[in-house]
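Here the structure comes first, spelled out in structure tokens, and everything after it is commentary.
Since the model is a prediction, treat every value here as computed from it, not as a measurement.
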Amino acid sequence: MSTGPHPARYPGAPAGVPSLDTWQEAPGNRWAFGGLAELVPTATISRTAPGVRAAAAETATVRLDALTPHLPDLERRLEATCTDAFLVLRGDEVVAEYAKPGFAPDQRHLLMSVSKSLCGLVVGALVGDGRIDPDRPVVDYVPELAGSAYDGPTVRHVLDMRVAVDYDENYVDPASEVQTHDRSAGWRVRRPGDPADTYEFLTTLRTRPDADAPGGGGAFQYCSANTDVLAWIVERVTGLRYVEALSEFLWSKLGADRDATITVDAAGFGFANAGISCTARDLARVGRVVLDGGLAPGGRVVPEAWARGILAGGDRDAMTYEGFTGAFPGGSYTSQWWCMGNERGNVSGIGIHGQNLWLDPATDSVIVKFSTWPDPDTAEWNDLQSTLLVDVCEALDSV
């Protein structure tokens with residue numbers, strides 16, 4: 001277990017060292033000069049010459065021939081849903097691939113809340129190792145959350161989004177808790193009185209006044225803060241920063257083509273609920289872990305029972321979110337994954353602005369869709385997206 005409240009940003013450095021004010025001074029520069037991207041916004045110097053990139057950006061990557069005989073309007077529908085990248089992986093075979101003009105197939109893309117599903121797998125790995133007991137209270141692992149909305153709920157309640165938190169997930173309302181959360185994580189311009197970092201923000205959250213089950217286990221309530229609580233638990237039981245745990249227990253085992261990235265806040269805490277970026281092919285490898293019973297090329301990630309539990313779905317009676325049940329009446333949520341409860345058994349990691357890691361057990365396929373919808377989350381965009389993904393699955397029946 002970590003001996004302090006938070007793991008150090010850099011191995012060997014005290015927590016909070018170096019800071020934005022001290023990174024150029026000794027001894028902080030001993031760590032910062034080798035990891036400045038975590039303190040100062042950093043751009044990539046591409047290994048591809050600008051002229052080559054410009055030429056490649058003129059046309060889209062379109063390899064959809066396997067699907068278009070059964071779904072002739074696929075490319076039009078991808079364009080209509082603001083698709084940046086689309087990939088279908090059946091087993092180890094790439095069946096279809098698309099990237100819009102200007103977006104390379106090997107380019108990283110922000111996952112938004114698909115990041116939550118990756119956190120669920122890291123927690124599953126630590127449950128398999130015996131380091132996390134999902135039935136234990138959250139505060140057994142993170143005592144700093146005593147008195148908050150997480151004082152009473154178990155880890156399982158948090159995994160399944162069944163904690164009654166006074167938290168408004170309204171992405172376009174500056175007064176909402178989700179925007180305060182973003183500001184604490186460095187995603188928006190800070191305001192006076194904002195928490196210093198995500199750790200502090202989580203301690204400020206309280207139980208919703210109308211909660212039907214204040215101790216957890218009530219109706220489903222989607223709340224991005226839950227995932228960051230899980231990441232804090234991961235840090236506490238491993239003594240690692242979340243970014244390090246994500247690498248050790250998941251990313252290093254995938255056989256990934258590229259490193260992933262994650263945004264970090266002023267304390268170096270990875271924004272677990274939304275901040276990961278990776279390529280479409282590497283994200284598809286995450287989906288294969290679930291379809292392959294918890295296994296990856298580098299070994300076991302989660303117990304087989306954990307992977308099968310995701311595919312089986314959660315408590316349907318707890319799912320009261322009409323925006324989801326309207327499209328998927330048998331839907332549920334478990335272990336940070338959306339479970340459609342349809343006859344195909346589809347399961348997905350879902351992020352705002354149109355991100356999907358969609359699993360189709362019926363054809364042993366993973367579908368990745370990166371998008372940039374103009375709106376974060378509307379019924380119209382969700383209907384277009386989910387209908388398209390189900391139609392792709394049905395087309396795969398004939399491939």
Legend entry - Atom pair SG/CG of Cys82 and Leu384 - distance to nearest 0.5 Å: 9.5 Å

Inset, instruction - Begin from the C-alpha positions of Val178 and Asp168 and carry the test side chain to side chain contact (heavy atoms under 4.5 Å, CB included) through to its verdict. - result: CA-CA 6 Å; Val178 73; Asp168 183 4; over 6 Å; no

Legend entry - Heavy-atom pair with the smallest gap, counting every atom of Gly270 and Tyr242: O-CD2, 4.3 Å

Inset, instruction - Say whether, by atom type as modelled, one donor and one acceptor occur between the side chain of Ser115 and the main chain of Leu111 under 3.5 angstrom. - result: no

Inset, instruction - Using the side chain to side chain contact (heavy atoms under 4.5 Å, CB included) rule, take Leu121 and Val286 through it: C-alpha gap first, then chi angles, then the decisive distance, then the call. - result: CA-CA 9 Å; Leu121 293 177; Val286 175; 3.7 Å; yes

Inset, instruction - Decide whether Leu159 and Tyr167 are clustered together by the hydrophobic rule: side chain heavy atoms of Ile, Leu, Val, Met, Phe, Trp, Tyr closer than 4.5 Å, transitively. - result: yes

Inset, instruction - Just grab all the ring pair (Phe, Tyr, Trp, His ring centres under 6.0 Å) pairs involving residues 244-280, residues at least two apart or on different chains. - result: His181-Phe271, Trp187-Phe271, Tyr199-Phe269

Legend entry - Salt bridge Glu38-Arg241, side-chain N to carboxylate O under 4.0 Å: yes

Inset, instruction - Verify the cluster assignment for Leu311 and Trp358: are they in a single hydrophobic cluster under the rule of side-chain heavy atoms below 4.5 Å apart? - result: yes

Inset, instruction - Give a yes or no on whether the backbone of Arg162 and the side-chain of Gln221 come within a donor-acceptor separation of less than 3.5 Å. - result: no

What donor-acceptor contacts under 3.5 angstrom involve side-chain atoms of residues 288-303, with partners at least two apart or in another chain?
unit_1, atom_1, unit_2, atom_2, d
Arg288, NE, Asp292, OD2, 3.2
Arg288, NH1, Asp364, O, 3.1
Arg288, NH2, Asp292, OD1, 2.8
Arg288, NH2, Asp364, OD1, 2.6
Arg288, NH2, Asp364, OD2, 3.3
Arg300, NH1, Gly293, O, 2.9
Arg300, NH1, Val302, O, 2.9

Inset, instruction - Decide whether Arg156 and Ser335 meet the rule of one side-chain donor and one side-chain acceptor closer than 3.5 Å. - result: yes

Legend entry - Salt bridge flag under 4.0 Å for residues Asp140 and Arg136: yes

Legend entry - Heavy-atom side-chain contact between Trp338 and Ile310 under 4.5 Å: no

Legend entry - Shortest non-hydrogen separation from Ala32 to Pro18 and the atoms involved: CB-CG, 3.6 Å

Legend entry - Tyr171-Glu169 side chain donor-acceptor pair, cut-off 3.5 Å: yes

Inset, instruction - Compute whether any side-chain donor of one residue and acceptor of the other, for Lys369 and Tyr98, lie under 3.5 angstrom apart. - result: no

Legend entry - Taking every non-hydrogen atom, the tightest pair across Gly314 and Cys339: N-SG, 4.3 Å

Inset, instruction - Please examine the side chains of Thr207 and Asp166, heavy atoms only from C-beta on, and report whether any two atoms are closer than 4.5 Å. - result: no

Legend entry - Any donor-acceptor N or O pair under 3.5 Å, side chains Thr363, Asp360: yes

Inset, instruction - With the side chain counted from C-beta on, respond yes when Val347 and Met340 share a heavy-atom pair under 4.5 Å apart, and no when they do not. - result: no

Inset, instruction - Go through the steps for Asp228 and Thr198 under the test side chain to side chain donor-acceptor pair (under 3.5 Å), then give the verdict. - result: CA-CA 8 Å; Asp228 288 339; Thr198 309; 5.1 Å; no

Legend entry - Heavy-atom closest contact (Met319 atom, Thr325 atom, distance): CG-CG2, 3.5 Å

Legend entry - Side chains of Asn29 and Trp23 in contact at under 4.5 Å (non-hydrogen atoms): no

Inset, instruction - If the plane angle is over 60° it's perpendicular, under 30° parallel, otherwise tilted; pick one for Phe370 and His109. - result: parallel

Inset, instruction - Identify which one of Ser386, Pro374, Ser371 satisfies the side-chain contact (heavy atoms from CB on, under 4.5 Å) criterion when paired with Trp381. - result: Pro374

Inset, instruction - For the residue pair Val138 and Thr154, establish whether any side-chain heavy-atom pair is separated by less than 4.5 Å. - result: no

Inset, instruction - Applying salt bridge (charged side-chain N to carboxylate O under 4.0 Å, His left out) between Arg188 and each of Asp182, Asp194, Asp265, report the one that passes. - result: Asp182

Legend entry - Nearest atoms (heavy-atom pairs only) where Leu145 meets Trp232: CD2-CZ3, 3.9 Å

Inset, instruction - Just say parallel, tilted or perpendicular for the rings of Tyr321 and Phe220, cut-offs at 30° and 60°. - result: parallel

Inset, instruction - Kindly write out the residues that satisfy side-chain contact (heavy atoms from CB on, under 4.5 Å) with Arg76, not counting sequence neighbours, or none if the list is empty. - result: Asp73

Legend entry - Pairs where residues 58-79 contributes a residue and the test ring pair (Phe, Tyr, Trp, His ring centres under 6.0 Å) is met, not counting sequence neighbours: none

Determine all donor-acceptor pairs shorter than 3.5 Å in which one atom belongs to a side chain in residues 122-132; sequence neighbours excluded.
none

Inset, instruction - Quick one: closest heavy-atom pair of Ala272 and Ala231, and the distance? - result: CB-CB, 3.5 Å

Legend entry - Between Glu200 and Ser184, a side-chain donor and acceptor under 3.5 Å: no

Legend entry - Minimum side-chain heavy-atom gap His353-Met112 below 4.5 Å: yes

Inset, instruction - Evaluate the salt bridge (charged side-chain N to carboxylate O under 4.0 Å, His left out) criterion for residues Asp210 and Arg208: first the C-alpha distance (whole Å), next the side-chain angles of each, then the deciding distance (0.1 Å), finally the verdict. - result: CA-CA 6 Å; Asp210 63 344; Arg208 205 174 64 244; 2.6 Å; yes

Inset, instruction - State, with a plain yes or no, whether a side-chain heavy atom of Asp391 is found less than 4.5 Å away from one of Leu71. - result: yes

Legend entry - salt bridge (charged side-chain N to carboxylate O under 4.0 Å, His left out) evaluation trace for Lys100 with Asp84: CA-CA 5 Å; Lys100 73 175 183 180; Asp84 297 329; 2.8 Å; yes

Legend entry - Asn356 and Ser348 side chains, donor-acceptor separation under 3.5 Å: yes

Inset, instruction - Measure the shortest side-chain to side-chain distance between Gln355 and Gln385 over non-hydrogen atoms and say whether it is less than 4.5 angstrom. - result: no

Inset, instruction - Taking only Lys NZ, Arg NE, NH1 and NH2, and the carboxylate oxygens of Asp or Glu, determine whether Glu144 and Arg236 approach each other closer than 4.0 Å. - result: yes

Inset, instruction - Mark yes when over 12 heavy atoms from residues, nucleotides or ligands other than Asp92 sit less than 6.0 Å from its CG; otherwise mark no. - result: no

Inset, instruction - Give a yes-or-no answer on whether the side chains of Gln179 and Asp173 include a donor-acceptor pair shorter than 3.5 Å. - result: no

Inset, instruction - Give a yes or no on this: more than 12 heavy atoms of other residues, nucleotides or ligands lie within 6.0 Å of atom CZ of Arg30. - result: no

Please tabulate, one pair per line, all N/O donor-acceptor pairs under 3.5 Å involving side-chain atoms of residues 275-283, not counting sequence neighbours.
unit_1, atom_1, unit_2, atom_2, d
Thr279, OG1, Asp282, N, 3.1
Thr279, OG1, Asp282, OD2, 3.3
Arg281, NE, Glu97, OE2, 3.4
Arg281, NH2, Glu97, OE1, 3.2
Asp282, OD1, Asp257, N, 2.8
Asp282, OD1, Arg285, NH1, 2.6
Asp282, OD2, Asp257, N, 3.3
Asp282, OD2, Arg258, N, 3.0

